Amino acid sequence: MKTVSRRWPKLILAIALITAVAGCSGEQSALAGFGPVASRITLLTWIMFAAAVLITVFMGLLTGLAIAGPAGWRRRLAGEKSVMWGGVVFPVATLSVLLFYGFSILNAGERLARAENPVHIAVVGEQWWWRVIYLHGDGRTTESANEVRIPTGRPVEIELTTADVIHSFWLPTYAGKVDMIPGRTNRLHFAVDKPGIVRGQCAEYCGGAHALMAFYAVAMAPADYDAWLAKEKADAQPAARKAGERLFLVSGCGGCHTVRGTSADGKVGPDLTHVGGRVSLGAGILPNTPDSFAQWIGRHQKLKPDNLMLPFDFFSESELHDLSAYLKGLE
């Protein structure tokens, strides 16, 4: 029994370390910064981690000396100078350095805010998904959902608002975290160095399905982005499978969703005009495949409890197949 009891602390420590490392890698990494803003935040994070380890070790040694060290050391550590230098001067100097470095990070974002020709995107947090609106130079807008596409090499300005409660837009790989407060408009400025796909997350508890409120950011080469945006502005192509389109319209889906180029013009839920070309479904919880469309339509309350979509569990298998094929074809 003693051998087993000794193993438990090591096992718990190993599980904690594995969990921590898993949270700092992959498509949503808090320790992988790309671009002028995120790279500085990442550097500051590593500096703080390293400093915390060194300070902890140092303080542990001093504590050991104060308890069991030679009498001379115990007297020095209890003296007024030691308390002043260790308890006042050192913390003030350390925190001041971190404060001014934090200001330099903010200045990087402010320089991007003054940059010319930024990409303007508005993101509205809703329970529990993201409404994404691209603001064009001619005053028109194009709406998408649950993913943000951006060109590399250009400053990006994201206007952040909320339609209901407090949300928080967190995109750790490219930028920091900015809260979305009812009645207030906040802005996030950043730039991306190279193409790629990363994941973001709502970082402020906002109700039942908060943990399943994710999104993807897709950084594209400028030419690819321009081609994608031109396609995104266009109406949906005529449906290849008319049965699925007809079922979508007669079942009332158009009361909540828009498909430009059809009679579906609902504003409550996500715009589905080009839903087939997105990275994920359900705000980052399913891959974008025909099978995922069928799963979401028939089982969305089990996949994402408390989401506000009405139940559609009455479709037959063949109807789900037709609907899925139609939605996947909306590229």
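This one's a predicted model, so the numbers in the text were calculated from it and none came from an experiment. For the single chain, residues carry numbers from 1 onward in sequence order.
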| Passing candidate, side-chain contact (heavy atoms from CB on, under 4.5 Å) with Phe248, options Thr262, Val259, Leu330 | Val259
| task | Return the minimal non-hydrogen interatomic distance between Glu331 and Lys231, and the atom names on each side. | result | O-CE, 3.3 Å
| field | Hydrophobic cluster identity match, Leu327 and Leu286, side-chain contacts under 4.5 Å | value | yes
| field | Qualifying residue for ring-ring contact (aromatic ring centres under 6.0 Å, His included) with Phe169, from Tyr174, Trp130, Phe190 | value | Trp130
| field | Short side-chain donor-acceptor distance under 3.5 Å, His189 and Glu157 | value | yes
| Lys/Arg-Asp/Glu bridge criterion (N-O < 4.0 Å) met for Asp313, Arg299 | no
| request: Return the set of residues passing side chain to side chain donor-acceptor pair (under 3.5 Å) with Ser292 (not counting sequence neighbours), or none when no residue passes. | output: Thr289
| Does one side chain, of Asn307 or His300, offer a donor that lies under 3.5 Å from an acceptor on the other? | yes
Between side-chain atoms of residues 67-88 and protein atoms elsewhere (two or more places apart, or another chain), which donor-acceptor pairs fall under 3.5 Å?
{"from": "Arg74", "atom 1": "NH1", "to": "Gly69", "atom 2": "O", "distance (Å)": "2.3"}
{"from": "Ser82", "atom 1": "OG", "to": "Arg76", "atom 2": "O", "distance (Å)": "2.5"}

| What closest approach, in Å, do Val192 and Ile150 show between heavy atoms, and which atom pair accounts for it? | CG2-CD1, 3.4 Å
| remark: Closest non-hydrogen contact found for Arg199 with Leu171 is O-CD1, 4.1 Å
| query | Step by step, would you call Asp179 with Ser168 a side-chain hydrogen bond (donor to acceptor under 3.5 Å, both in side chains)? | reply | CA-CA 4 Å; Asp179 286 345; Ser168 189; 2.8 Å; yes
| Any salt bridge between Glu126 and Arg131, counting N to O under 4.0 Å? | yes
